[in-house]
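Taking it in order: structure first as structure tokens, then the write-up.
So you know, we letter chains A, B, ... as the sequences are listed, proteins then strands, and number each from 1.
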Amino acid sequence: MKVRTRFAPSPTGNVHIGNMRAAIYNWLFARHMGGEFLLRVEDTDRERSTPEAIQTLLEAMDWLKLDIDGEPLYQSTRMEAHLEAAETLLSKGLAYKEDKGGTGQGECVIFRMPGTDSAYVDGIKGPLKKAAENMQDFVIVRSNGTPVFHLANVLDDIEQGVTHVIRGDDHVENTFRHIALYQALDADVPNFAHLPMIVNAQGKPYSKRDGDAFVGDFREKGFLGDALFNYLALLGWSPGDDREVMTREEMIEAFELARCQSSAAQVDLRKLTWMNGEYMLKLPEAEFEAMCFEAVAKAGIEADADYAKQVFGLVRERVKTVADIVPMVGYFFTDEFDYDEKAVRKKLQKDGVADVLAQVKAIFQELETFDEASTDKALHDFVETSGLGFGAVMAPARLAVTGIQSGPDLFPMLAVLGRERVLARIDRTVRLFLS
RNA sequence: GACCCCUUCGUCUAGUGGCCUAGGACUCCAGGUUUUCAUCCUGGCAACACGGGUUCGAGUCCCGUAGGGGUCGCCA
């Protein structure tokens with residue numbers, strides 16, 4: 001039988017990172033087995049399940065490149081079928097009506113647990129069992145006539161032909177109920193596998209207050225979908241060898257439920273950041289440039305395309321996340337950049353620096369052509385003839401031109417900035433701090 | 001509280017009785033390369049929760065303890 005997995009989120013406007021990891025594992029498993037990955041939108045909560053919320057969900061999946069097979073099933077369209085099944089259960093004596101707990105809310109439909117011990121083999125956690133006396137009957141249709149999660153979920157999984165239910169740890173107790181429901185419904189019981197939870201930096205369950213709990217947070221922080229996918233895939237699973245940065249194909253090929261961890265995993269933003277950097281480096285140049293243009297435009301910077309492309313090339317290897325781009329290239333696009341005050345005091349406001357900058361300026365002015373090779377040679381010659389150290393020349397030059405101490409290699413950067421800007425910036429620096 | 005689950009470096013993990021004086025990755029530290037920073041290279045710090053068994057031999061199997069987590073809704 002063809003393997004079928006599904007992702008069954010309830011669209012709330014935010015996609016929790018733990019849910020998304022479950023989606024990734026379902027996708028990976030389905031692809032590994034040559035099966036299908038389905039989407040079911042559990043939108044029975046009409047309050048929260050707005051079109052915008054559904055859009056957010058779809059966008060998140062798209063961003064992570066989780067392609068689905070077939071059309072999404074919207075649970076809200078299945079209410080009649082759910083209720084019908086409840087009637088059948090009722091007529092077979094497998095469920096009964098009662099005003100549960102005498103709450104006065106009216107009669108609801110309650111599923112009768114079979115009264116036998118239950119056991120199943122979890123794809124991740126191994127053999128699990130539960131004694132009959134620890135399982136109680138449960139509500140499947142509310143007194144207001146709407147189906148409860150358990151009923152709807154199981155019925156829809158049957159409808160969609162789901163063979164493997166891969167979901168969060170928090171559902172293990174439900175599994176015994178669900179198995180009983182499948183049996184009462186005369187349906188094949190699917191395989192179940194339960195993923196451990198993801199916890200925050202304090203080792204506690206991720207709550208909304210932690211921040212970084214939703215997929216959108218990671219996107220905003222400048223992470224790449226592919227990097228987050230890879231990171232999340234490795235959070236609780238490993239291929240068994242030392243590979244970490246892997247292509248989709250490699251992950252699909254290596255993925256096995258049996259190799260999934262059964263203990264909770266903590267998100268480490270530093271490792272994610274490192275991995276993201278690896279993915280940034282692998283980006284095709286055009287894609288990287290497009291990303292830069294977008295970031296820069298969003299920051300309100302107007303950039304000449306040719307010049308900007310050269311600038312982006314300069315920072316290409318240093319950018320770890322999309323969010324790094326703007327702070328890293330800012331000074332290329334304005335002559336009114338700020339200075340690192342501490343560096344100014346330490347490297348600029350010293351005896352002789354004014355003279356050094358004056359000479360550097362003069363050298364640059366006299367250069368026939370102003371490019372990487374010529375500036376490189378000129379400054380190295382100057383260092384040699386003047387007897388000054390490299391640092392004593394390069395550091396003030398860099399500060400004068402960019403305002404900060406770190407950045408791309410000096411000479412290629414000078415070439416990109418161009419003689420005019422470089423000279424003007426040296427003048428400005430001298431005017432501000434050395435006169 | 002009841003039931004269930006989990007426990008290897010700070011973090012993610014490898015490890016399925018001898019190949020483990022426990023390997024890799026991130027982070028951190030030191031050294032090297034470099035005009036700076038980053039990269040890169042080399043090296044280093046750092047873990048089998050604890051206690052009992054079983055066994056010639058246990059991170060690996062069993063029991064217990066401790067700690068952590070999940071579930072106990074007419075939420076999903």
- Within the structure shown, what part of the strands sits under 4.0 Å from L235(A) by heavy-atom distance: base, sugar-phosphate, or nothing? sugar-phosphate
- 5' priority, RNA chain B, between P147(A) and S263(A) [closest heavy atom]: S263(A)
- Message: Hydrogens and angles aside, do N276(A) and T321(A) bring a side-chain donor and acceptor to less than 3.5 Å of each other?
- Response: no
- Query: Roughly how many Å is it from CE in M246(A) to P in U13(B), rounded to a whole number?
  - Reply: 15 Å
- Rounded to whole Å, OH of Y96(A) lies from P of C74(B) at a distance of 11 Å
- Item | Atom-to-atom span, CE of M328(A) to P of U39(B) - whole angstrom | 11 Å
- Report yes or no: is the cationic atom of R428(A) (NZ for Lys, CZ for Arg) closer than 6.0 Å to the six-membered ring centre of F337(A), at no more than 45° off its axis? yes
- Item | Protein-nucleotide distance (Q266(A), atom CD; C9(B), atom P), rounded to Å | 12 Å
- What nucleotide among C12(B), A76(B), A25(B) has an atom nearest to a side-chain atom of E42(A)? A76(B)
- Could you tell me whether E133(A) contacts a base, only the sugar-phosphate backbone, or nothing, with contacts defined as non-hydrogen atoms closer than 4.0 Å? nothing
- Scan D241(A) against the nucleic acid and name what it touches under 4.0 Å (heavy atoms): base, sugar-phosphate only, or nothing. nothing
- Looking only at side-chain atoms of S262(A), point me to the closest of U13(B), C6(B), C12(B). C6(B)
- Distance between C1' atoms of U13(B) and U7(B) (Å, rounded): 14 Å
- Query: Looking at U35(B), C74(B), A76(B), which one has an atom nearest to any side-chain atom of F390(A)?
  - Reply: U35(B)
- Between M394(A) and N134(A), whichever has its closest RNA chain B nucleotide further toward 5' is N134(A)
- Query: With respect to the side chain of D242(A), which nucleotide from C74(B), G24(B), A14(B) is positioned closest?
  - Reply: G24(B)
- Please find out if less than 6.0 Å separates the ring center of W237(A) from that of F29(A). no
- So what does A395(A) touch, heavy atoms closer than 4.0 Å: a base, only the sugar-phosphate, or nothing? nothing
- Should C3(B) form a Watson-Crick or G-U wobble pair with both distances under 3.5 Å, which nucleotide is its partner? G70(B)
- Query: With a 4.0 Å cut-off on heavy atoms, is L128(A) in touch with a base, just the backbone sugar-phosphate, or nothing at all?
  - Reply: sugar-phosphate
- Does a side-chain N or O from R142(A) land closer than 4.0 Å to OP1 or OP2 of A76(B), or not? yes
- Query: Looking at G10(B), U39(B), G70(B), which one has an atom nearest to any side-chain atom of D268(A)?
  - Reply: G10(B)
- For N153(A), which contact category applies under a 4.0 Å heavy-atom criterion: base, sugar-phosphate, or nothing? nothing
- Result of checking V41(A), T44(A), D45(A) against Q75(A) for side-chain contact (heavy atoms from CB on, under 4.5 Å): T44(A)
- Message: Under the salt bridge (charged side-chain N to carboxylate O under 4.0 Å, His left out) test against D157(A), which residue among R4(A), R40(A), R167(A) passes?
- Response: R40(A)
- Nearest to the side chain of R270(A), which nucleotide is it out of C74(B), U35(B), G10(B)? G10(B)
- Length of the NZ-P vector between K97(A) and C74(B), whole Å: 17 Å
- Round to the nearest Å and state the distance from W237(A) atom CH2 to A25(B) atom P. 18 Å
- Message: Strictly by Watson-Crick or wobble contacts shorter than 3.5 Å, is anything paired with G31(B), and which nucleotide is it?
- Response: C41(B)
- If only side-chain N and O atoms of K129(A) are considered, is one of them under 4.0 Å from the OP1 or OP2 phosphate oxygen of C4(B)? no
- Are the aromatic rings of F223(A) and Y279(A) close, with centres under 6.0 Å apart? no
- Message: Any donor-acceptor pair, under 3.5 Å, between the side chain of S143(A) and the base of C74(B), if you only look at N and O atoms?
- Response: yes
- Who does C56(B) pair with, Watson-Crick or G-U, both distances under 3.5 Å? G18(B)
- Query: Under the criteria of a ring-centre distance below 5.5 Å and an interplanar angle below 30°, is H171(A) stacked with the base of A76(B)?
  - Reply: yes
- Contact class for G389(A) vs. all strands (heavy atom < 4.0 Å): base, sugar-phosphate, or nothing? nothing
- Would you say a side-chain N or O of K100(A) is under 4.0 Å from OP1 or OP2 of C74(B)? yes
- Query: For the rings on Y339(A) and F433(A), is their centre-to-centre separation under 6.0 Å?
  - Reply: yes
- Message: Tell me the interatomic distance from I124(A), atom CD1, to G69(B), atom P, rounded to whole angstroms.
- Response: 21 Å
- Message: By the 4.0 Å heavy-atom rule, please label V172(A) as base, sugar-phosphate, or nothing.
- Response: nothing
- Sequence neighbours excluded - side chain to side chain donor-acceptor pair (under 3.5 Å) pairs with any residue from residues 380-398 of chain A: D376(A)-H380(A), K377(A)-D381(A)
- Task: Using a 4.0 Å heavy-atom cut-off across all strands, classify P408(A) as base, sugar-phosphate, or nothing.
- Result: base
- Message: From the set A76(B), U11(B), U35(B), return the single nucleotide nearest to any side-chain atom of R398(A).
- Response: U35(B)
- Task: Between A25(B), U35(B), U13(B), spot the one nearest the side chain of E244(A), thanks.
- Result: A25(B)
- Message: Over all strands shown, is K125(A) touching base, sugar-phosphate only, or nothing at heavy-atom distances under 4.0 angstrom?
- Response: sugar-phosphate
- Query: With sugar-phosphate meaning primed atoms plus P, OP1 and OP2, does R243(A) contact a base, only sugar-phosphate, or nothing at under 4.0 Å between heavy atoms?
  - Reply: nothing
- Who is the Watson-Crick or G-U wobble partner of U65(B), with both distances under 3.5 Å? A49(B)
- Note on the structure: Among U27(B), C4(B), C12(B), the one nearest any side-chain atom of K130(A) is C4(B)
- Query: For the ring pair Y25(A) and H164(A), is the centre-to-centre distance below 6.0 Å?
  - Reply: no
- Under 3.5 Å donor-acceptor pair, D99(A) side-chain atoms to C74(B) base atoms: yes
- Query: Heavy atoms under 4.0 Å, any strand shown: does H194(A) hit a base, just sugar-phosphate, or nothing?
  - Reply: nothing
- Using atom CH2 of W274(A) as one end and atom P of C28(B) as the other, report the distance to the nearest whole Å. 14 Å
- Message: I want to verify a distance call: between G70(B), G15(B), C26(B), whose nearest atom is closest to the E173(A) side chain?
- Response: G70(B)
